[in-house]
J.: 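Following this message is one structure expressed as structure tokens.
Every number for a ligand or one of its atoms is a count from 1 in the order of the listing.
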Amino acid sequence: MISVKDQVFRLDTAETTYLFRVTKFGHLEHVYYGPLLAPGEDARVLAQKNTALLGNSVAYDESDVSYCLDHMYLEWSDNGRGDYRQSPTELKMPDGTFTSDFVYAAHEMVDGPVPMRTLPSAYGGDQTLVITLRDTTAPVTLALYYTVYAKANVITRRAVLTNESRKPLVIRRLMSMMVDLSDEKFHLYTLDGDWIKEAHLHCRPVEYGVLTNASNTGASSNRHNPAFMLAAAAATEETGNVYGFNLVYSGNHASYIEKNRRDIVRVATGINPHCFEWVLEQGGSFETPEAVLTFSNRGFNGMSRNMHYFVNEHIVRGHWQKRERPILINSWEAYYFDYDEGKLLQLAKKAKELGMELFVLDDGWFGRRDDDRAGLGDYTVNRKKFPRGLKAFADQLRKLGLAFGIWVEPEMVNPDSDLYRQHPEWAVHHPEKKPLLARNQLVLDLCRKEVRDYIVEQVGRVLDEAGVSYVKWDMNRAVAEACSGVLEHQGEFYHRYIIGLYEVLARVFGPRPQILLESCSSGGNRFDLGMLCFSPQVWTSDNTDPVERLKIQGGLSYFYPLSTMGAHVAQSPSSQTLRITPLSTRFNVACFGCFGYELDLRFLTPEEKKEVKEQIAFYKKYRRVFQYGTFSRLPAAKPNKVFWQCVSEDKNTAVAGFFQTQVVPAETDDRLRVAGLDAGEYVVRTRPQRLHVGRFGSLINHISPVTLDPEGFIMQQINRYYSLPDCVEEYRCSAAALDVGIPLNNQFSGTGYNENIRMLSDFGSNLYIVEKVNTEEGEDE
Ligand code: GLA
């Protein structure tokens, strides 16, 4: 998979080739990254031709005035040697200057990946190439690691800098990787947002100059996710060249995309240099997080498939890797802080009756935590709410047949807590300034060993005492005063915090591998590959409105598989937007993820209870297809539609989601497309769902023999106990026909209801189940 000949390095995955070589002056020149090349392809032919001298450029060596680093496609570049683009380094070298010049010294190849000392990284790679570069004058080395994940079509890269000089070296910037690509009128796609508005996909053309995608909140952040894509202007969901990038890191990240005057696009990604300064004494080395690169010439979906495979097979690990995730009920949007054991058991009983499998006790169970002003830090059970303790409550749940899960926010402390009163110095604060609160809380200083030990011990005790099988690990504020009383160099704070976090997670969950960890940070404020090395799933967003989730889950789906996204059915009107949506749509969106419910089940009508039961039974049947099938976004011919689909691992079954955001009157034909199935004949069926008569408003009087007040008592009762079938269609056709798309029944157009009309309106949706027909002909195919 990795081959080296005449100082040309070739890294092949199943469908891609990555090629670079050592130049005559020892720099690493990037030659090619794209579709798999034929064996023996000549790098000299593919490499840039630098035959003309260019104007006012700085020549690297007078023996060849056309050798200007500023014009070249490089794998790495330094400061002060004539390359004026964004450099992946800013090093105050042992001689006090900012000039470095790393050139080839040696290389080696090893089987598999090389584990990291301080940070989590991908596992199960095929081979690693380590290139050692040495500064031309100082005893400083830079090792570049390239690991090939052949089946995933992924290459990971990272750098390790080592100072052998007696004088210290100061790192102000050290990116994980950089590469120069040839412009294809690239567009940069990023996931940006806010609380309850995470991961919205944004696109802009890459013009001359530098674009930055970065976070400086202390977390990977909901503002700008570390993942991004560069796509050729012509790329679509299904066609065209798309490069995808990500970083195995949960802290401040930065990526630079710079198009220079020669239409070379430089991409660099790594730790954000913002407030970063790391001192390397003699013999010290610094390792960067691992960057992830992929390429597909099959559009965005092709790129996503690579990333999904990579996350499922090389990032998520341990007991829950590729395992089906339980259907949960979460107490948060049901009760918030307002509960006691009795109320919770009521919720649990109903959840069990409906078919749920795991009960998650969210915020409010410990200390004096009756609202968000107190208690964080004190992980002793609140005896007013649980007079017999947590274990007794958990035992009751287990008796009911539910597993027990719990919420914690161990990185935080409320000033109104016993912990803070005992150890105010443990909270991150500036020694002279007033600490800044967010959600009434402060960040605990994970640079301190005693803080890490406290968390490991406290959380571990709770998990063991109550027999917890699932943990929601929250983190609800950004870092503000980034300093620590135990650090000599404050520029190390952000990174040391993240190293501390990883250490804590490893110590808590390493010895308890059966616990399913769902990380959360006010929803998706830390949805990244670093966290996914510990937590197989992440609570995607505090926004449970399904229409908003189309954008949030849809955005994340470019880089992260559905098995990583927590998605729940919540109440309507939505607690975040007040939008009213049908129960069917809330389900149809949430089932594209790790599924659960988060609402007060007492208020479900008998009709809704039946519906929820049916939803759960359906999800159980197709759970594996949703969580581990091949997910695609199909291009929508109309702007008010979203199409998602999952095809089973054997390609014989698919579930397809059809979502309408805003209704269009007298809507033209909608078509159902399902791509990627095995050839053969299929039956396509709508998942039966219920149409609540209340949706018709006063139109009900056109069919009712007596006049009814649409808001009145009788209608309310009818609505509780009666619903209509929501247009069920069934077809038999070939995979080829489905690939092109089959027309669906018409939508309601103001002219009456019958069972063959699709009653979608605003926010309506359907799921379609597509299953191979096992006829003899079918089997022969
Ligand atoms: C955060 C989480 C929510 C919930 C609350 C509890 O906001 O994202 O899901 O757990 O904290 O305080």
J.: Hey, mind stepping through N246 and Y560 against side-chain hydrogen bond (donor to acceptor under 3.5 Å, both in side chains) and telling me if it holds?
T.: CA-CA 10 Å; N246 208 341; Y560 304 96; 3.1 Å; yes
J.: If you measure every N or O of D362 against every N or O of ligand 1, does any of those distances drop under 3.5 Å?
T.: yes
J.: Where on C520 is there a heavy atom closer than 4.0 Å to ligand 1, on the side chain, on the backbone, on both, or on neither?
T.: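 It is the side chain that gets close, since no backbone atom is under 4.0 Å.
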J.: Report yes if some N/O of W332 lies less than 3.5 Å from some N/O of ligand 1; otherwise report no.
T.: no
J.: Take the angle between the ring planes of H308 and F631 and call it parallel below 30°, perpendicular above 60°, tilted in between.
T.: tilted
J.: Does the structure place the NZ or CZ of R586 under 6.0 Å from the centre of the six-membered ring of Y597, at an angle of no more than 45° from the ring's axis?
T.: no
J.: Identify the protein heavy atom lying closest to atom 12 (O) of ligand 1, giving its residue, its atom name and the separation to 0.1 Å.
T.: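 Scanning the protein heavy atoms, the shortest distance from atom 12 (O) of ligand 1 goes to D363 OD2, 2.6 Å.
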J.: With nothing but distance in play, are any N or O atoms of S521 less than 3.5 Å from an N or O of ligand 1?
T.: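 It does not: no N or O of S521 is found under 3.5 Å from an N or O of ligand 1.
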J.: Between F337 and W332, is the ring centre distance below 6.0 Å?
T.: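 So the answer is yes for these two rings.
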J.: Decide yes or no on side-chain contact (heavy atoms from CB on, under 4.5 Å) for D370 and K384, but give the supporting numbers first.
T.: CA-CA 10 Å; D370 294 322; K384 262 202 283 168; 4.2 Å; yes
J.: Heavy atoms, side chains only, cut-off 4.5 Å: are Y622 and L767 in contact?
T.: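 In short, these two side chains do not touch, never coming nearer than 4.5 Å.
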J.: Ignoring hydrogens, just give me the one of D474, T540, D371, V360 whose non-hydrogen atom is nearest atom 11 (O) of ligand 1.
T.: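 It is D474 that holds the nearest heavy atom.
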J.: Select one of side chain, backbone, both or neither to describe which atoms of N476 lie under 4.0 Å from any atom of ligand 1, heavy atoms only.
T.: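 N476 to ligand 1: side-chain contact only, backbone stays beyond 4.0 Å.
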J.: Which heavy atom of the protein is the closest neighbour of atom 9 (O) of ligand 1, given with residue, atom name and distance?
T.: K472 NZ, 2.7 Å
J.: Ring of F618, cation from R687 - is the NZ or CZ under 6.0 Å from the centre and inside 45° of the axis?
T.: yes
J.: Please work out, at 4.0 Å between heavy atoms, whether the side chain, the backbone, both, or neither of E409 comes within that distance of ligand 1.
T.: neither
J.: Should the ring pair H495 and Y249 be called parallel, tilted or perpendicular, given that the plane angle runs from 0 to 90° and is split at 30 and 60?
T.: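 Rings of H495 and Y249: tilted, 30 to 60°.
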J.: Report the part of E333 in contact with ligand 1, treating N, CA, C, O as backbone and CB onward as side chain, heavy atoms under 4.0 Å; options are side chain, backbone, both, neither.
T.: neither
J.: Polar contacts were defined as any N/O atom of the residue lying under 3.5 Å from an N/O atom of the ligand; does this apply to G523 and ligand 1?
T.: yes
J.: Give the atoms of ligand 1, by number and element, whose distance to some non-hydrogen atom of W539 is under 4.0 Å.
T.: 8 (O), 9 (O)
J.: Taking 4.0 angstrom as the limit and counting only heavy atoms of R439, give me the atoms of ligand 1 inside it, by number and element.
T.: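 Here the atoms of ligand 1 in question are 6 (C), 11 (O), 12 (O).
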J.: For ligand 1, find out whether one of its N or O atoms is nearer than 3.5 Å to an N or O atom of E598.
T.: no
J.: Should the ring pair H314 and F310 be called parallel, tilted or perpendicular, given that the plane angle runs from 0 to 90° and is split at 30 and 60?
T.: tilted
J.: What orientation do F595 and Y619 show, parallel under 30°, tilted 30 to 60°, or perpendicular over 60°?
T.: tilted
J.: In the protein, which heavy atom is nearest to atom 7 (O) of ligand 1, and how far is it?
T.: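 Ranking protein heavy atoms by distance from atom 7 (O) of ligand 1, first comes D542 OD2, 2.8 Å.
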